[in-house]
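Note sheet for the following structure.
Quick caveat, the model's predicted, so the values are computed rather than measured. Order of listing sets the numbers, starting from 1, for every ligand and every atom in it.
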Amino acid sequence: MKRVIIIVLGILILISCEKSKKEFSVTELEYADYVKVVKRADWGWLPLEKGKEEATINKITIHHGGVKFTADKDPIESIKNLQKWSRAEKDWIDIPYHFMIDLAGNIYEARPINYPGDTNTEYNPTGHALVEIMGNYEVQTLSDVQQKSLVEIVAYLAKEFSVPLSEIKTHKDYSETTLCPGKDIYKYFQDSSFVKRVEMKLNESD
Ligand SMILES: [Zn+2]
């Protein structure tokens, strides 16, 4: 009898815990055929433990990780570590970026797009879709596959959220205290070739 009571109590506690776990709304995007994205559920993203005020995307801003990334490192392990650090050390709701691109050009979903990102510098990223290339492009070189993936995800986001080409920029364009996204990415913004490639992608996929 005692054992039955303990089991019933245990079940009741489990049910009430389940109910008290708050669910935060997560916008799931439907990607265009030309963009291959590793969904949050496919790399082991942990559900949000807290939310913040939601915002609509009207800009796209490119970042690099700022830390050298080499081919012997596991990108998914690194994304998971960034998630843990962001939540535990920075008290952010999640990874500061909405998308991350690894050395092989794989694109990973990170923070849900309905929540503004976070930054260590002084600009306000509310309304910005944040796309990060893993690595340090002051010292590394952006490969063709990485650039192709970056063009595809940015073109998709520009179309999905009606972001004008003039609002596709880099972190450095908003903050004087950062080198982000590094000179080997920034050069494609200085000569406007990156935004031209996005425009071409949008024209061919219309
Ligand atoms: Zn940045």
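His64 contributes atom NE2, which lies 5.0 Å from atom CG of Asn136 (distance to the nearest 0.5 angstrom). With values rounded to the nearest 0.5 angstrom, Leu130 atom CG is found 8.0 Å from Arg111 atom CZ.
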Verify side-chain hydrogen bond (donor to acceptor under 3.5 Å, both in side chains) between Thr170 and His63, making sure each step is shown before the conclusion.
CA-CA 6 Å; Thr170 72; His63 297 259; over 6 Å; no
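Annotation: protein N, O or S atoms under 2.8 Å of the Zn ion (ligand 1) (waters excluded) comprise His63 ND1, His171 ND1, Cys180 SG.
Between the side chains of Gln146 and Tyr137, a donor-acceptor pair is found at a separation under 3.5 Å.
Between Tyr156 and Tyr31, the gap from one ring centroid to the other is short of 6.0 Å. The six-membered or imidazole ring of Tyr174 lies near that of His128, with a centre-to-centre distance under 6.0 Å.
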